[in-house]
Protein chains: 2
Amino acid sequence: MNEFMQAAIEEAEKGLAEGGIPIGSVIVHRGRIIGRGHNRRVQQGSAVLHGEMDAFENAGRQPASVYAESILYTTLSPCPMCSGAILLYGIPKVVIGENRTFMGEELLLRGRGVEVEVLQEARCVEMMRGFIAESPELWNEDIGET
Amino acid sequence: MNEFMQAAIEEAEKGLAEGGIPIGSVIVHRGRIIGRGHNRRVQQGSAVLHGEMDAFENAGRQPASVYAESILYTTLSPCPMCSGAILLYGIPKVVIGENRTFMGEELLLRGRGVEVEVLQEARCVEMMRGFIAESPELWNEDIGET
């Protein structure tokens, strides 16, 4: 498997082990991980720290020139908030673990010129299917659904 | 002035007094402020806590039914990330202090059915003009520009 998707999956697994929502992400600048994160809704009571947002936060303040040469890896198709962050910072490429359990704003991203690659990794699908089956209310809260 | 825009401006002024970026926001549910925030880039080294995001975070975990009856007030036209958060959580209405110094994703919001009202408050324009003139590099960092 791609080593950076593997790192994003490890983040998702950490989240799962903490009793959280199993979505992870890493931001890679010129072949080096500069930020990694996972969903913190349960662990920190956070409404904004989705996996991708947590990776942005942990990457810290960066100039536009760094984001312009970075690739974001995420285990799940990015929601509107995370896609918006990708657009804000001009991330040129996003690699997605899977979009079978949730279809995010891939069309918006592509329409704005972001390269989007979907790997459909079995481990990503499996984690999300298990989580959604066990905690449907928590999942709905995370994606703003009733 | 609208009392909730006044509260958002007070948040922006707090940020300015802390040496930060003067953008503030409040989220109002059925006439009561449930979250208030201001940009935390300087104060917390945060890449994700724009004013609106800070207000979402401070509102805490909320069910979709609460967001569906909330109005978000922000002193500045919301960037892609904050607009994405508004879409994720299904906020039906956004009241914007001004869009003269920065035009955010108002078209995207309107296109997705969000009601957008722009007040063009002089105090909001004045704060942003002063800040951008004094700290252009910090401002560019906040909006992902070079």
Side-chain angles (χ1 to χ4, degrees), chain A residues 21 27 34-35 37 39-70 78-92 102 104-105 108-109 111-112 114 137-146, chain B residues 21 27 34-35 37 39-70 78-92 102 104-105 108-109 111-112 114 137-146:
Chain A
I21 301 174
I27 298 171
I34 60 170
N39 188 298
R40 306 281 182 174
R41 179 170 297 269
V42 172
Q43 299 92 320
Q44 292 184 27
S46 177
V48 307
L49 292 177
H50 277 187
E52 301 90 324
M53 304 298 286
D54 194 42
F56 273 114
E57 190 68 332
N58 290 330
R61 291 171 53 180
Q62 299 289 343
S65 57
V66 167
Y67 294 121
E69 292 183 321
S70 293
C79 85
M81 173 175 67
C82 298
S83 297
I86 288 161
L87 293 175
L88 169 65
Y89 288 125
I91 301 287
F102 176 79
E105 293 282 349
L108 177 66
L109 290 172
R112 300 286 180 97
V114 178
E137 288 178 7
L138 180 54
W139 176 232
N140 282 340
E141 181 191 314
D142 203 56
I143 55 172
E145 297 284 339
T146 48
Chain B
I21 301 175
I27 297 171
I34 59 169
N39 188 299
R40 307 280 183 175
R41 180 170 297 270
V42 171
Q43 299 92 321
Q44 293 184 26
S46 176
V48 307
L49 291 176
H50 277 187
E52 300 91 324
M53 303 298 286
D54 195 41
F56 273 115
E57 190 68 331
N58 290 331
R61 291 172 54 182
Q62 298 289 344
S65 57
V66 168
Y67 294 122
E69 292 182 321
S70 293
C79 85
M81 172 174 68
C82 298
S83 297
I86 289 161
L87 293 176
L88 169 65
Y89 287 126
I91 301 287
F102 176 79
E105 293 281 349
L108 177 66
L109 290 173
R112 300 287 180 98
V114 178
E137 290 179 4
L138 180 54
W139 176 231
N140 282 340
E141 181 190 315
D142 202 56
I143 54 172
E145 298 285 339
T146 49

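Every chain is numbered from 1 and lettered A, B, ... according to where its sequence line falls, protein lines coming before strand lines.
A:L138 is listed as a side-chain neighbour of B:R61, based on a closest heavy-atom distance under 4.5 Å. Looking only at side-chain heavy atoms (C-beta outward), A:M81 and B:V48 stay at 4.5 Å or farther from each other.
Heavy atoms closer than 4.5 Å to chain A are found in the side chain of B:L108, but not in its backbone. Contacts of B:Q62 with chain A are made by backbone atoms alone, with heavy-atom separations under 4.5 Å and no side-chain atom involved. In this structure, the portions of B:E141 lying under 4.5 Å from any heavy atom of chain A include both its backbone and its side chain. Looking at B:S83, neither its backbone nor its side chain comes within 4.5 Å of chain A, counting heavy atoms on both sides. With a 4.5 Å cut-off on non-hydrogen atoms, A:D142 touches chain B through its backbone but not through its side chain. Interface residue A:E145: only backbone heavy atoms are found under 4.5 Å from chain B.
Once rounded to the nearest 0.5 Å, the distance linking CD of B:Q44 with CD of A:E57 reads 7.5 Å.
Interface summary for chain A: among B:H50, B:E137, B:M53, the most heavy-atom pairs under 4.5 angstrom belong to B:M53. Contact count versus chain A (heavy atoms, under 4.5 Å) is highest, among B:G45, B:A59, B:G84, B:A85, for B:G84. Between chain B and the options A:C82, A:S46, A:G90, A:G60, the largest number of non-hydrogen pairs under 4.5 Å is found for A:S46.
Among all heavy-atom pairs drawn from A:G144 and B:A64, the shortest one is O-CB, 3.4 Å. Residues B:L87 and A:P80 approach most closely at CB-CB, 4.1 Å, considering heavy atoms. Residues B:Y67 and A:A47 come closest through the heavy atom pair OH-CB, 4.1 Å.
Applying the side chain to side chain contact (heavy atoms under 4.5 Å, CB included) criterion to A:P63, with sequence neighbours excluded, gives A:S65, A:V66.
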